[in-house]
Every structure is written in structure tokens, then in C-alpha cells.
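See structure below.
It should be emphasised that the depicted structure is a prediction, and the values quoted were computed from it without experimental measurement. In what follows, every chain begins at residue 1, and chains take the letters A, B, ... in the order their sequences are listed.
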There are 2 protein chains.
Amino acid sequence: MTAQRRAILETLQDLGGHPTADQVYAAARERDDTIHPSTVYRTLSWLADTGLVKPCHLEPRGDRCEHFDAAPPAEHHHFVCTGCGRVIEFRSEAIEELKALFARQHRVRIERAFLSMHGLCQQCQEDGTRIDADGR
Amino acid sequence: MTAQRRAILETLQDLGGHPTADQVYAAARERDDTIHPSTVYRTLSWLADTGLVKPCHLEPRGDRCEHFDAAPPAEHHHFVCTGCGRVIEFRSEAIEELKALFARQHRVRIERAFLSMHGLCQQCQEDGTRIDADGR
DNA sequence: ATAGGTGCAAAAGCTTTGCATTCGT
DNA sequence: ACGAATGCAAAGCTTTTGCACCTAT
């Protein structure tokens, strides 16, 4: 546990919400101005590996590294196998209901919803397959 | 409707699935080797604006431009207001049930699930507010 | 004829990596 | 003392942008 990691952890506590890597960097730098961006990236990866922090996508659009779903007939969602990369698409009435309920409760208008689930498909569970990096 | 756009559209049809921008570029280039990456990016943005293509995030991790959720007590999901950027977090039993059902039906093991919904919060609906770009 | 799309090249971001140094234990 | 983490700088990649040219209508 180094001073930088402590500073980053405290920064995450203070910031709350859902900062991006460089929002964390900017804020952590105010505590300790020797902190380097690469340290922040490395620390965030480490925290994500340990599960202390969860990465998530909040931008509706304009985010990088996105995939494109051609000619989507209707809103649908995805299961991605982290072993072989296979994608299963599905529709879900439960999510439609959830959207309606949430919209009513919070008085919001919901324009889009994205659900992605990650895990192992049946075959990869049997094979013990696991992609190390960059699986698609 | 130019030749390049046609080539990109046909490429999307042929590829199917969920290609990234540069997978589209690589494939489109085989049809028409004058196609330039910037044309692909511009065309994909245009298609996304018109709704003919939907951007989605399929990478569980290592994706860029991600936000980090500090100290998540349990799996939860997000509603993001596209007007003011406000984020509402919520848990959902319906999603837990959906996960269990899906896992049973498809014989998969689900390790994570991310749902994000986008729309306008009550106040932004009243105000007619709308962020043009880079809202957070 | 005109509006809009394209190629090109350069710039802009964000993120990663190698290496020498420093730090925590 | 030792292994791990850090700072630094450079490289890597993806994506965007300005501009002149071209093309579909």
C-alpha cells in the first residue's frame, strides 16, 4: 500500500459517483501532485481486477470502442461469453416492464436501455476455456 | 447515397454480428479499396444518428472510456439523464430473476450484468433541456 | 449548380509499455 | 535487501477535424 494508492482510494471515496480515469487523475493530483496518469490507470485496473471498483459504460453515444449492431429490428440485449466471445441476443419482456415501472416511479422518460450480461456459455464451462485478452 | 456508403451498408449486412468500427473498415475495404477510415467513422456516426445502427458495449473490461464505480455494495444499474447527466442508481429484483431464468434456459453461467438506461429526468423534460455534447 | 460526401494528412485523445528509480515491508 | 510500485517519456491506437476535391442529384 503506497501513498499513491492511498491517495487514489481516498479520491474515489470523496468523488463518489462514476468518475472516468482522468477525472480520478485530476482529483487525485490535488491530493498528491506527484501522481502520474499511468499510476492512476494501473491502479484502476488493479482495483477492477480485485473487484473493489466496477467499470461501467454510462455514455449513451460517442463513447469509443463501441460495437455496432446492424439493422436492429427492436431493442434487444446481449449475453457475451467471456470464454469464446459468442454473443447471444435476446429480447426481454421483463426489461420492458422494468422500464415502464422505473419511468413511472421516477417520472423519467426512458429512451434507450442496454443490458449486457457476461459469463461463460455451456461449452466453455465444460472446456474450461477462458480468453486471456482481447477475445472477441 | 454514394458508392462508399453503399459499400459500408453492404458490409454491415454481410458481417452481421457486432463489428467495431475498424472491423467494418477492414471488411469494407475489401469491397472498395479506396474507402478511408474517416469515411467509415463518419458513416457509422450518421447511421447511429438515424438509428439504422445501434452502438453497444460488449467488452466486459479493458474497454476504453469507461467510468468507474467505487465501492459498489452490490450489483446495481444506472439511469443516466441525457439532459443534465444525472445518474440514478438502482437495484432490481426483476433483473436478478431475468438472469436466473436466462442462465437456466441457455445453460450459461452469468458473472456480471450491466443495465444502463438513458432518457430525460423529470426536470429536464419540463425544462426542455438537452445537452449537445460531452454532457456528464 | 449546389450541397454534401470523400480522401488525405495532421492532430488530438486516451491508454499502455519499457526502463531506471524509489518505496514499502 | 527484495519485490513491487512509480515516474517519465515515448509509442500506440483509435477517432476526429480542416480542407480541397469530387460526386450525386
Side-chain angles (χ1 to χ4, degrees), chain A residues 1-12 15 18-50 52-69 131-136, chain B residues 1-12 15 18-50 52-69 131-136:
Chain A
M1 178 57 61
T2 61
Q4 291 86 345
R5 288 193 172 181
R6 201 183 329 275
I8 291 170
L9 284 167
E10 286 169 9
T11 299
L12 284 168
L15 280 179
H18 307 83
T20 59
D22 60 57
Q23 289 170 336
V24 174
Y25 167 62
R29 201 182 174 90
E30 303 203 347
R31 285 174 185 278
D32 175 347
D33 66 358
T34 73
I35 275 189
H36 204 266
S38 55
T39 303
V40 173
Y41 283 105
R42 281 187 282 226
T43 302
L44 286 172
S45 297
W46 170 70
L47 290 169
D49 288 341
T50 65
L52 291 174
V53 142
K54 288 214 188 307
C56 58
H57 289 281
L58 300 179
E59 312 289 342
R61 282 279 319 285
D63 208 336
R64 281 151 193 189
C65 291
E66 49 201 2
H67 292 240
F68 293 90
D69 204 331
I131 289 179
D132 295 58
D134 195 37
R136 175 152 298 138
Chain B
M1 176 57 60
T2 62
Q4 291 85 343
R5 288 193 171 183
R6 199 182 329 273
I8 291 170
L9 284 167
E10 287 170 7
T11 299
L12 285 169
L15 280 180
H18 308 83
T20 60
D22 60 55
Q23 290 171 333
V24 174
Y25 168 62
R29 200 180 175 92
E30 304 204 346
R31 285 173 186 278
D32 175 347
D33 66 359
T34 73
I35 275 188
H36 204 266
S38 54
T39 302
V40 173
Y41 283 105
R42 281 187 282 228
T43 302
L44 286 172
S45 297
W46 169 70
L47 289 169
D49 288 341
T50 65
L52 291 175
V53 142
K54 288 215 187 309
C56 57
H57 289 281
L58 299 180
E59 312 289 343
R61 283 277 320 286
D63 209 335
R64 280 151 193 187
C65 290
E66 47 201 3
H67 293 240
F68 294 89
D69 203 332
I131 289 178
D132 295 62
D134 196 36
R136 175 152 302 138

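Taking the side-chain hydrogen bond (donor to acceptor under 3.5 Å, both in side chains) definition, one finds that Arg5(A) meets it with nothing, sequence neighbours left out.
Listed by first then second residue, pairs satisfying salt bridge (charged side-chain N to carboxylate O under 4.0 Å, His left out) with a partner in residues 23-41 of chain B read Glu10(B)-Arg31(B), Asp14(B)-Arg31(B), not counting sequence neighbours.
Of all non-hydrogen atoms in Thr11(B) and Ala28(B), the two that sit nearest each other are OG1-CA, 3.4 Å. Here the shortest heavy-atom pairing between Leu44(A) and Leu12(A) reads CD2-CD1, 4.3 Å. Counting all heavy atoms, side chain and backbone alike, Thr20(B) lies closest to Phe68(A) at C-CD1, 4.4 Å. Closest non-hydrogen pair, His18(B) versus Gln23(B), comes out as O-OE1, 4.2 Å.
Remark: P of dA5(D) and CG of Asp49(A) are 12 Å apart, rounded to the nearest angstrom. With rounding to whole Å, Phe68(A) atom CZ is found 14 Å from dT14(D) atom P. The CD-P distance, from Gln23(B) to dC13(D), rounds to 16 Å in whole Å.
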Protein N or O to nucleotides 21-25 of chain C N or O, pairs below 3.5 Å:
none

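Summarising the geometry, atom CD1 belonging to Ile8(A) is positioned 7.5 Å from atom OG1 belonging to Thr2(A); distances are rounded to the nearest 0.5 Å. Between the NE2 atom of His36(B) and the OG1 atom of Thr43(B) there is a distance of 12.5 Å, given to the nearest 0.5 Å.
Taking the C1' atoms of five terminal pairs at each end of the helix from dA1(C)-dT25(D) to dT25(C)-dA1(D), the two resulting helix axes are inclined by 40°, rounded to 10°.
Phosphate proximity of dT6(C) to Arg5(B): present, with a side-chain N or O under 4.0 Å from OP1 or OP2.
Of all the residues in residues 25-42 of chain B, Ser38(B), Tyr41(B), Arg42(B) reach under 4.0 Å from DNA chain D with at least one non-hydrogen atom.
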